[in-house]
Amino acid sequence: MFENTKREIERKIESQDFDAYALIIGYKGEDWQFMSDGVDLDTYFDAASVGKVYPTTALALQAIGKGLLSLDDTLEKFFSNVPEDKKNITVKNLLTHTSGLIRTPYPENIAERGRDSVIEFLLSKPLVYEPGSHFAYCCDGIMLIGLILEKVYGAPLEEVFRIYMKEPLGLTRTTYHIAIDEENMVMCNHRADLGGIIYDDNNVRQLRGIPAGNGGNFITAGDLQKFVKAIIEKDERLCANEMFDLAEKNYTAGLPVLDGDRSTENHGLGFVYVNENCEQACDLFPEGSIGHVGWSGQSFFLNRELGLYVILLTNSMRYQNLKKNLKGGERDKAVHQMRIDIHRAIKKDLGL
């Protein structure tokens, strides 16, 4: 079974798209696992932007379900000295990438005064459109969600994750920082050692240990599978039942995409919403499916009605650079095509 998928993975390895991977396919209550040598369910991969939803979005949905947070809450509720142009930005704007903020590299000194320095920097950036009027995929908005969660719970984000998601769902290894000599890990980007802990994410390393809501955590295929199954089953250990329906809508349909933003995907609350614009998943997953992708080569997508999910963790971004010398948009396109090809092969094997 899955002969097309196996052949596609072999082609990707031969063409030097990646050399380390974990692929889990779930369909109608069964699941199949395919992994490269040295990789298992507990192998660490850099989450990249998968971290925006696993766990940040899910923790935000949980807080909303508990009445600790509201989609209509504005930045002023959580931060002091919010600039006038940002006072009306809501939690909903942040989760749907409609805040008016755009991605900007964090400066090297951003963490000098801890979280206050990070917040000050994020709030100092000029808006490029009126909140709610456009869509522009933005790391900084989800970073602010992580900082808001710390305010709501009165604890660092890694502790919020451990108490309210990791332990309840029985997750084993997912974490924000790992040791430089950590066993059973795949290098997914340009690794940096900062005082004995390592970072694979270019932006997150500038935070010097402050956990980022927008990515940079380390995940495993086994833990991500538990998370995905919890979504499919509407597991209330993850969040209140009604929050799943609230999150899995298309909140950005019809919004103009900011000039220069390469993303044309639509979004639910945090999650990518699959429709014809979601080229990386739409060949396999029907409209209404949800998921997310990570810059370093990670992705997951799911459809509850079909009982279908696919988890793909790789070191594709790093490998495309090292072996093919691909950079920038050319490298992004190659990683996107890798996902498309594997999803198409899975579709053939499942007869969908």
Side-chain angles (χ1 to χ4, degrees), residues 4-5 8 23-31 49-50 52-54 57-58 60-61 64 71 92-98 132-138 141-142 224-225 227-235 238-239 241-258 261-295 298-312 332-333 335-352:
N4 290 295
T5 302
E8 189 58 49
L23 172 66
I24 304 179
I25 303 165
Y27 185 51
K28 293 184 175 179
E30 295 187 70
D31 64 74
S49 285
V50 167
K52 287 181 171 65
V53 292
Y54 170 58
T57 291
L61 293 173
I64 294 169
L71 289 178
K92 180 181 176 182
N93 291 142
L94 299 176
L95 286 170
T96 57
H97 303 277
T98 60
S133 66
H134 286 70
F135 168 81
Y137 185 80
C138 179
I142 307 298
L224 186 52
Q225 183 184 33
F227 174 71
V228 168
K229 285 186 173 182
I231 297 173
I232 290 175
E233 296 165 4
K234 293 188 174 182
D235 191 332
L238 184 59
C239 61
N241 191 277
E242 64 270 18
M243 298 310 302
F244 294 98
D245 292 336
L246 185 68
E248 298 167 25
K249 298 176 181 179
N250 187 356
Y251 285 89
T252 61
L255 284 182
V257 178
L258 191 70
D261 191 306
R262 293 191 297 271
S263 175
T264 57
E265 294 171 341
N266 291 131
H267 275 257
L269 297 179
F271 295 95
V272 171
Y273 179 91
V274 177
N275 58 13
E276 69 277 4
N277 293 323
C278 185
E279 295 178 351
Q280 298 181 72
C282 68
D283 284 345
L284 174 59
F285 289 89
E287 180 161 353
S289 304
I290 60 168
H292 214 286
V293 302
W295 180 86
Q298 328 314 346
S299 64
F300 76 91
F301 288 94
L302 64 95
N303 183 278
R304 187 177 293 107
E305 286 67 33
L306 291 178
L308 171 67
Y309 67 87
V310 173
I311 293 166
L312 178 61
D332 293 346
K333 185 177 180 180
V335 175
H336 291 184
Q337 191 62 50
M338 175 271 294
R339 293 192 188 101
I340 292 169
D341 293 341
I342 290 176
H343 284 152
R344 285 174 176 169
I346 294 169
K347 181 176 182 177
K348 288 181 183 178
D349 287 325
L350 292 177
L352 296 173

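Every residue two or more places apart in sequence or in another chain was checked for a side-chain hydrogen bond (donor to acceptor under 3.5 Å, both in side chains) with Glu233, and none qualifies. Remark: Glu8 pairs with Arg11, Lys12 by the salt bridge (charged side-chain N to carboxylate O under 4.0 Å, His left out) rule, at least two apart or across chains. Lys229 meets the salt bridge (charged side-chain N to carboxylate O under 4.0 Å, His left out) test with Asp31; sequence neighbours excluded. Residues forming a ring-ring contact (aromatic ring centres under 6.0 Å, His included) with Tyr54 (at least two apart in sequence, or on another chain): Phe227. Every residue two or more places apart in sequence or in another chain that forms a salt bridge (charged side-chain N to carboxylate O under 4.0 Å, His left out) with Lys234 is listed here: Asp245.
Tested against Val310, the residues Ile24, Val228, Ile346 include a single side-chain contact (heavy atoms from CB on, under 4.5 Å) partner, Ile346.
Residue Leu95 comes nearest to Ile142 through the heavy atom pair CA-CD1, 4.1 Å, listed as atom of the first residue, atom of the second, then distance.
Taken to the nearest 0.5 Å, the NE2 atom of His343 stands 6.5 Å off from the CG atom of Leu312. In this structure, the separation between OG on Ser299 and CE on Met338 is 6.5 Å, given to the nearest 0.5 Å. The distance from the OG1 atom of Thr252 to the NE2 atom of His97 is 9.0 Å, given to the nearest 0.5 Å.
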Atom pairs and distances, donor-acceptor, side-chain atoms in residues 301-309, under 3.5 Å, two or more places apart:
residue: Asn303; atom: OD1; partner: Glu305; partner atom: N; Å: 3.2
residue: Asn303; atom: OD1; partner: Leu306; partner atom: N; Å: 2.8
residue: Asn303; atom: ND2; partner: Ser289; partner atom: OG; Å: 3.0
residue: Arg304; atom: NE; partner: Ile231; partner atom: O; Å: 3.4
residue: Arg304; atom: NE; partner: Ile232; partner atom: O; Å: 3.0
residue: Arg304; atom: NH1; partner: Glu248; partner atom: OE1; Å: 2.9
residue: Arg304; atom: NH2; partner: Ile231; partner atom: O; Å: 2.8
residue: Arg304; atom: NH2; partner: Glu248; partner atom: OE2; Å: 2.8
residue: Tyr309; atom: OH; partner: Gln225; partner atom: NE2; Å: 2.8

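In this structure, Leu255 and Thr96 have side chains that are not in contact, with every pair of non-hydrogen atoms separated by 4.5 Å or more.
Below 30°, between 30° and 60°, or above 60°: for His292 and Tyr137 the angle between ring planes is between 30° and 60°, a tilted geometry.
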